[in-house]
Every structure is written in structure tokens, then in C-alpha cells.
Amino acid sequence: MTHQRDIGAGPPDEYVEAEIQRLLAEDPAVAEQGITVVRRERAIVLYGEVESPHRREEILRRVSERFPDVPITSDIGVIRAQAPTEIEQLP
């Protein structure tokens, strides 16, 4: 009796890691090269920083839609993107 491995039944492989990295860099709606994709046991972890919480959510949504069977964990921080509240005086 042979057993067929279910897609998504095991830890994600290096191809999934590379595909997610490609999606982040090449999808015009994302175009994010500052995110690192790392395989950790049975999940993929996304590391990096983006300019807004909305941007982080959009990235996670797109990756989850494209890879619905892969557990995704986010370690994406948000950097300040607003204009400073004080005027900087240069000498």
C-alpha cells in the first residue's frame, strides 16, 4: 500500500520559501524587497520593516492567499513614515 503525501502536510520546503520571496519582490501590489523569508520548522516567518500597519496586512494577505496551506508568522515591524512634527533647523 502506498501513501501519497498531502500538499501542506509537512514543513514547507525551500521552494515555498523562494516562491514567497519572489512574490514579495515581483508582485506589483507588493514590490517589497526588504522582507526576509525564513523557514522555521512547520511555518514560514516573514521578517523586516514596512512603512505602515496597512502595508504589513496587505503583504500577509497576499502571501496567505497565494499559499493557503502554509502557516505564516509575521515578525514585520512598522517604521515611522509620517513627517516629523518639528521643523529641523540646519546650521
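Both Val30 and Ile44 sit in one connected hydrophobic cluster of ILVMFWY residues. Membership requires side-chain heavy atoms under 4.5 Å apart, directly or through other members. Following chains of ILVMFWY side-chain contacts shorter than 4.5 Å, one cannot reach Leu24 starting from Val45, and the two form parts of different hydrophobic clusters.
Checked against salt bridge (Lys or Arg N to Asp or Glu O under 4.0 Å), Glu57 has no partners two or more places apart in sequence or in another chain.
A salt bridge links Arg22 and Glu19; the closest N-O separation between the charged side-chain nitrogens and carboxylate oxygens is under 4.0 Å. Remark: Glu58 engages Arg61 in a salt bridge, criterion side-chain N to carboxylate O under 4.0 Å.
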Practice task
Check step by step if side-chain contact (heavy atoms from CB on, under 4.5 Å) holds for Leu46 and Asp75.
Solution key: CA-CA 6 Å; Leu46 305 179; Asp75 194 8; over 6 Å; no
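Contact between Thr73 and Ala43 at its shortest, heavy atoms only, is OG1-CB, 4.2 Å. The minimum heavy-atom distance between Ser64 and Ile72, with the atom names listed, is OG-CG1, 4.4 Å.
Atoms CD and CD1, from Gln21 and Ile35 in turn, are 8.5 Å apart once rounded to the nearest 0.5 Å. Atoms CD1 and CD1, from Ile59 and Ile20 in turn, are 12.5 Å apart once rounded to the nearest 0.5 Å. Glu32 CD to Leu23 CG: the interatomic distance, rounded to the nearest 0.5 Å, is 11.5 Å.
The backbone N or O of Val50 sits nowhere less than 3.5 Å from a side-chain atom of Arg55 that would complete a donor-acceptor pair.
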